[in-house]
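Written out below as structure tokens is the structure these notes cover.
Just so it is clear, the structure is predicted and the values come from calculations on it, not from any experiment. Here is the naming used below: chain letters follow the sequence lines, and residue numbers restart at 1 for every chain.
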2 protein chains.
Amino acid sequence: MSALPSAPADADSLFHALADPTRRDIVTRAMHGEHSVSALAGHYPMSFAAVQKHVAVLERATLVTKERRGREHLVRTNIDAVRAVAQVLDDYETVWRDRMDRFADVLASRQEGERS
Amino acid sequence: MSALPSAPADADSLFHALADPTRRDIVTRAMHGEHSVSALAGHYPMSFAAVQKHVAVLERATLVTKERRGREHLVRTNIDAVRAVAQVLDDYETVWRDRMDRFADVLASRQEGERS
DNA sequence: ATAATCTACAACCATATGGTTGTAGATTAT
DNA sequence: ATAATCTACAACCATATGGTTGTAGATTAT
């Protein structure tokens with residue numbers, strides 16, 4: 001569907017980036033619209049530098065991108081990276097489901113055996 | 001569907017637990033069947049104690065459960081916790097989609113205005 | 001009974017992480 | 001031109017993290 005403007009980062013960076021409530025909140029805000037780093041910083045009880053670091057972590061994980069507009073750097077969520085993480089989890093789900101199916105097969109063939 | 005044998009942990013613990021390749025591998029192995037902690041430890045180039053710590057992190061995050069069988073503690077993946085993480089990401093996806101829909105509406109009504 | 005196996009946990013260490021303040025470079029506003 | 005705003009980054013600090021070895025308690029095997 002969408003082109004790949006930046007290949008998603010490794011699972012390590014992605015999960016680590018999402019393992020912080022401030023960063024998850026930034027991802028949510030940056031989905032609803034563009035925000036400068038200082039606009040974002042205004043929402044959190046910490047220094048601008050701290051928020052800037054959080055944005056940098058998200059950027060390294062490809063979860064957000066920054067576009068320079070004048071002296072501001074607008075932060076935007078990269079939904080493809082979110083989807084990449086979801087994909088990892090869906091893969092787990094698939095593995096689980098396959099295993100359940102095989103398990104059901106074994107049970108079924110056992111019942112066949114008992115019946116005959 | 002499935003009952004809740006243990007309420008999933010907070011998103012912080014869940015994402016953090018998944019942000020390590022060894023732990024993700026343990027989750028995968030423990031989906032395919034039960035493994036004792038030492039059986040798991042055999043697969044990784046680190047001490048038993050290190051693996052035991054990884055299992056403890058996964059257990060605190062509710063991603064695995066341990067059931068004692070004799071002197072062994074069998075580790076099993078809790079698929080509901082995996083689903084809980086997937087849910088968080090699906091929520092992002094939903095928010096994004098809603099935003100896209102509203103955006104499309106705005107564009108459509110604008111075109112209406114131009115046509116009339 | 002004794003030895004071996006499995007797990008838990010303490011103590012320790014190096015590095016990563018999340019926060020701080022301060023300085024400096026770009027850009028915009030006055 | 002000068003001041004204000006926005007961002008980047010260095011230096012620093014306390015704590016968390018991922019690893020280690022060692023000790024000890026349960027359980028199983030001999």
Side-chain angles (χ1 to χ4, degrees), chain A residues 6 9-30 33-78 85, chain B residues 6 9-30 33-78 85:
Chain A
S6 60
D10 55 298
D12 282 39
S13 328
L14 286 166
F15 281 117
H16 169 250
L18 290 169
D20 180 282
T22 302
R23 287 198 289 263
R24 287 197 302 278
D25 197 71
I26 291 174
V27 167
T28 303
R29 285 182 194 278
E34 300 165 329
H35 299 264
S36 70
V37 180
S38 18
L40 288 170
H43 294 295
Y44 309 104
M46 63 186 77
S47 69
F48 167 83
V51 174
Q52 199 227 313
K53 276 191 183 182
H54 281 306
V55 172
V57 170
L58 289 169
E59 200 180 9
R60 260 180 269 127
T62 71
L63 279 162
V64 305
T65 56
K66 276 192 294 192
E67 190 192 349
R68 182 174 189 149
R69 180 116 73 195
R71 63 186 164 185
E72 295 185 329
H73 287 199
L74 299 184
V75 178
R76 231 177 315 182
T77 293
N78 172 22
V85 188
Chain B
S6 60
D10 54 298
D12 282 38
S13 328
L14 287 167
F15 281 117
H16 169 250
L18 290 169
D20 180 283
T22 303
R23 288 198 289 262
R24 285 197 302 278
D25 197 71
I26 291 175
V27 167
T28 304
R29 285 183 194 278
E34 300 165 330
H35 299 265
S36 70
V37 180
S38 16
L40 287 170
H43 295 294
Y44 308 104
M46 63 186 77
S47 68
F48 167 82
V51 174
Q52 198 226 315
K53 276 190 184 183
H54 281 307
V55 172
V57 170
L58 289 169
E59 200 180 8
R60 260 180 268 127
T62 72
L63 279 162
V64 306
T65 57
K66 275 192 295 193
E67 190 192 349
R68 181 175 190 149
R69 180 117 71 194
R71 62 186 163 185
E72 295 185 329
H73 287 200
L74 300 183
V75 177
R76 229 178 316 183
T77 294
N78 173 22
V85 188

In terms of relative ring orientation, are His43(A) and His35(A) parallel, tilted or perpendicular, with 30° and 60° separating the classes? perpendicular
At their closest point, which heavy atom of Leu14(A) faces which heavy atom of Ala61(A), and how far apart are they? CD2-O, 3.1 Å
Heavy atoms under 4.0 Å, any strand shown: does Arg23(B) hit a base, just sugar-phosphate, or nothing? sugar-phosphate
Bracket notation of DNA chain C in which parentheses pair within the strand, [ ] cross earlier pairs, and | pairs with another strand (Watson-Crick or G-U, under 3.5 Å): ||||||||||||||||||||||||||||||
Which atom of Ile26(A) lies closest to which atom of Leu58(A), heavy atoms considered: CG2-CD1, 3.6 Å
If we ignore hydrogens and angles and just use 3.5 Å, is the side chain of Arg60(A) paired with the main-chain N or O of Ala17(A) as donor and acceptor? no
Quick one: on DNA chain C, does Ala50(A) or Ser36(B) contact a more 5' nucleotide (nearest heavy atom)? Ser36(B)
Give the rounded distance in Å between these two atoms: CZ of Phe48(B) and P of dT7(C). 5 Å
N/O-N/O pairs, protein side and nucleotides 10-16 of chain D side, under 3.5 Å:
none

Could you give the distance from CD (Glu34(A)) to OG1 (Thr77(A)), rounded to the nearest 0.5 Å? 10.5 Å
Does Ser47(A) make a side-chain N or O approach to OP1 or OP2 of dT20(C) shorter than 4.0 Å? yes
To the nearest Å, how far apart are Phe15(A) CZ and dT17(D) P? 17 Å
On a heavy-atom basis, which atom in Asn78(B) and which in Thr62(B) lie closest, and how many Å separate them? ND2-O, 2.9 Å
Applying a 4.0 Å non-hydrogen cut-off, can you work out what Thr22(B) is touching in the nucleic acid: base, sugar-phosphate, or nothing? nothing
Taken to the nearest 0.5 Å, the spacing of Thr22(B) OG1 from Lys53(B) NZ works out to 13.5 Å
Interatomic distance, His73(A) NE2 vs dG25(C) P [rounded to whole Å]: 16 Å
Asp12(A) atom CG is separated from dT17(D) atom P, nearest whole Å, by 15 Å
So, is Arg68(B) near the phosphate of dT27(D), with a side-chain N or O under 4.0 Å from OP1 or OP2? yes
Rounded off to whole Å, could you give me the NE2-to-C1' distance for the His54(A) and dA8(D) pair? 16 Å
From NZ of Lys66(B) over to C1' of dC9(C), roughly how many Å is that when rounded to an integer? 11 Å
On DNA chain C, does the nearest nucleotide to Gly70(A) precede the nearest nucleotide to His16(A) from the 5' side, or the other way round? Give the residue. His16(A)
For dT7(D), does either OP1 or OP2 sit under 4.0 Å from a side-chain N or O belonging to Ser38(A)? yes
Which whole-number value in Å describes the distance from Glu72(B) CD to dA29(D) C1'? 13 Å
Separation of dT27(C) atom C1' from Arg71(A) atom CZ, nearest Å, is 6 Å
Asp10(A) versus Ser13(A), side-chain donor and acceptor atoms under 3.5 Å: yes
Nearest heavy atoms of Phe15(B) and Leu18(A), plus distance in Å: CD1-O, 3.4 Å
Look at Gln52(B) and dA8(C) and indicate whether a side-chain polar atom (N or O) is within less than 4.0 Å of OP1 or OP2. yes
Sequence neighbours excluded, the answer for side-chain contact (heavy atoms from CB on, under 4.5 Å) partners of Ser36(A) is Ser38(A), Ala39(A), Glu72(A), Leu74(A)
